[in-house]
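Beneath this line is the structure, given in structure tokens, with notes to follow.
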Protein chains: 2
Amino acid sequence: MEQLNATAYVILGFVRGEPRSGYEIKALVDNSTRFFWAASYGQIYPELKRLTEAGLIVGSDVPTGSRKRTVYEITADGEEELRAWLRQPPQTFEMRDEGLLKLFFADALPREEGLEILRSMKAQRLAIYERLRAIEQMKGELEDPFPMIVLRGGLEFTQWFAQWCERMEAQLLDAAPEKRSK
Amino acid sequence: MEQLNATAYVILGFVRGEPRSGYEIKALVDNSTRFFWAASYGQIYPELKRLTEAGLIVGSDVPTGSRKRTVYEITADGEEELRAWLRQPPQTFEMRDEGLLKLFFADALPREEGLEILRSMKAQRLAIYERLRAIEQMKGELEDPFPMIVLRGGLEFTQWFAQWCERMEAQLLDAAPEKRSK
DNA sequence: GTTATCATGTAACTAGTTACATGATTCC
DNA sequence: GGAATCATGTAACTAGTTACATGATAAC
């Protein structure tokens with residue numbers, strides 16, 4: 001069996017237990033994994049089709065009134081595929097983040113504007129913190145411990161990150177304010 | 001001016017100051033930004049061509065012996081484009097990480113194997129820590145403060161992350177080892 | 001009655017990866 | 001002389017995004 005893409009595994013993960021529609025999967029992603037793995041309808045719907053063809057999920061029509069609706073469930077093969085992927089250690093060393101990339105090249109801006117990047121990163125992290133808090137509240141106490149520790153970890157990390165931004169700002173302000181040579 | 005892709009800005013960032021070849025840019029990426037933004041030759045070379053056509057960089061032939069070699073420098077327009085991008089706050093809320101995605105779905109595995117994911121994440125973080133340490137040593141003291149704080153931040157964060165994995169492992173081991181219902 | 005949400009999808013596109021090909025130079 | 005590194009590139013592909021279209025139902 002060939003390796004699937006990450007979005008496929010996200011789908012497999014979410015259709016365990018309860019059957020879900022594409023729309024529901026998108027909503028689940030937006031309230032959980034999207035901070036470290038996002039997904040769009042443009043990926044989800046074609047992927048649901050592919051996974052069905054591969055026999056890893058099965059769909060059944062459950063319309064609400066005359067509004068059509070298909071929910072998908074994982075098959076035994078699908079569960080095996082998901083577990084096989086989980087067992088492999090992560091292949092990538094990359095933790096993609098646009099903010100850090102900008103900060104890395106912040107020397108291209110005058111010092112004061114570079115600091116602005118740090119401040120906006122901090123603001124962004126605080127916004128994410130609030131968002132995660134709201135999600136945590138919503139979830140209450142999930143019975144599955146792993147999603148819960150990832151969520152809490154996200155909260156801790158976001159706070160850490162915001163504090164780091166603050167520390168770095170202070171440090172840069174302390175350092176000779178116009179050491180800039182060249 | 002339309003928005004370019006992230007790799008284009010990485011290139012613009014690295015061809016400031018000194019002229020660099022595609023090969024050098026790749027090496028620079030691999031020793032710095034690759035932990036939060038990677039790049040492959042398959043992106044870099046076509047992008048160098050596009051950026052040249054757009055007038056944001058200029059290339060000049062500087063062969064070593066009879067081995068052809070083109071180095072690129074940023075133009076005034078290129079600098080302006082880079083700064084314009086830096087000034088915009090990051091557009092994405094996503095910090096893509098495969099390991100966290102796996103941990104999130106670790107409930108699909110028996111508890112002991114789920115813990116294995118945490119352990120391999122910790123091991124991976126420690127490996128990255130060593131890698132970053134080596135890079136830090138190589139760089140010595142860069143005159144530009146921003147790349148340096150990002151590098152140091154990477155070190156701090158990696159350590160934090162490894163410790164978090166350890167704490168979570170302990171916590172999961174403490175919790176009723178077979179609370180798993182259903 | 002109108003706005004928000006539920007629901008599914010696709011076409012056109014951009015971004016990025018993988019695998020390969022080629023050849024010069026340097027180091028041992 | 002052989003291995004590692006320098007150096008450039010492309011073709012085929014996969015992954016993922018954006019923008020759009022469509023229409024039902026629920027909430028106010």
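Throughout, a chain's letter reflects where its sequence line sits, starting with A, and its residues are numbered from 1. As a basis for the values below, the full set of heavy atoms in this structure was taken, side chains included, without hydrogen atoms, waters or symmetry mates. All values reported here derive from a predicted model rather than from experimental measurement.
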Query raised in the report: What is the distance, rounded to the nearest whole Å, between atom CD of A/Gln43 and atom C1' of C/dT14?
Result: 13 Å
**Report entry** Phosphate contact (D/dG16 OP1 or OP2) by A/Ser40 side-chain N/O below 4.0 Å
**Finding:** no
Report task. Write down the distance between CD (B/Glu98) and P (D/dG16), rounded to a whole number of angstrom. Result -> 10 Å
Report task. Give me the ring orientation class for B/Trp164 and B/Trp160: parallel if the planes are under 30° apart, tilted from 30 to 60°, perpendicular past 60°. Result -> parallel
Requested in this report: Consider the side chain of B/Arg67, meaning its heavy atoms from C-beta on, and name the nucleotide among C/dT5, C/dT10, D/dA7 that approaches it most closely.
Outcome: D/dA7
Query raised in the report: Are OP1 or OP2 of D/dG16 and a side-chain N or O of A/Thr7 less than 4.0 angstrom apart?
Result: yes
Query raised in the report: Could you state the CG-C1' distance from A/Leu4 to D/dG16, rounded to the nearest angstrom?
Result: 16 Å
Query raised in the report: Is any side-chain nitrogen or oxygen of A/Ser66 closer than 4.0 Å to OP1 or OP2 of D/dA24?
Result: no
Report task. Using heavy atoms to find the nearest nucleotide of DNA chain D for A/Gly65 and A/Ala8 separately, return the residue whose nucleotide is more 5′. Result -> A/Ala8
Query - Phosphate-side-chain proximity, A/Tyr23 and C/dC6, N/O vs OP1/OP2 below 4.0 Å - result: yes
Requested in this report: Please state how far atom CZ in B/Phe93 lies from atom P in D/dT17, giving the value in whole angstrom units.
Outcome: 15 Å
Query raised in the report: In whole angstroms, how far is the C1' atom of D/dT17 from the CD atom of B/Glu94?
Result: 11 Å
Requested in this report: For A/Lys26, report the nucleic acid contact type (base, sugar-phosphate, nothing); a contact means any heavy atom under 4.0 Å.
Outcome: nothing
Query raised in the report: Does a side-chain heavy-atom distance below 4.5 Å link B/Phe93 with A/Arg131?
Result: no
Query raised in the report: For D/dA7, does OP1 or OP2 lie under 4.0 Å from any side-chain N or O of B/Arg69?
Result: yes
Report summary line: To the nearest angstrom, the OH-C1' distance between B/Tyr45 and C/dT18 comes to 16 Å
Query raised in the report: Can you check the B/Lys49 NZ to D/dA7 P distance for me, whole Å?
Result: 20 Å
Report task. Among B/Phe14, B/Trp37, B/Trp85, find the residue that satisfies the ring-ring contact (aromatic ring centres under 6.0 Å, His included) test when tested with A/Phe105. Result -> B/Phe14
Query - B/Ser21 vs D/dC6: side-chain N/O to OP1/OP2 distance below 4.0 Å - result: no
Query raised in the report: Quick one: is A/Asn5 getting a side-chain N or O under 4.0 Å of the D/dT14 phosphate, OP1 or OP2?
Result: no
**Report entry** From CA spacing to verdict: salt bridge (Lys or Arg N to Asp or Glu O under 4.0 Å), A/Glu116, A/Lys102
**Finding:** CA-CA 11 Å; A/Glu116 205 41 63; A/Lys102 291 197 180 190; over 6 Å; no
**Report entry** N or O in side chain of B/Tyr41 less than 4.0 angstrom from D/dG9 OP1/OP2
**Finding:** no
Query raised in the report: Under 6.0 Å between the ring centres of B/Phe157 and A/Phe157?
Result: yes
Query - Residue closer to the 5' end of DNA chain D, A/Gly42 versus B/Tyr72 (nearest nucleotide) - result: B/Tyr72
Query raised in the report: Just how far, in rounded Å, is P of D/dT17 from CD of B/Gln3?
Result: 15 Å
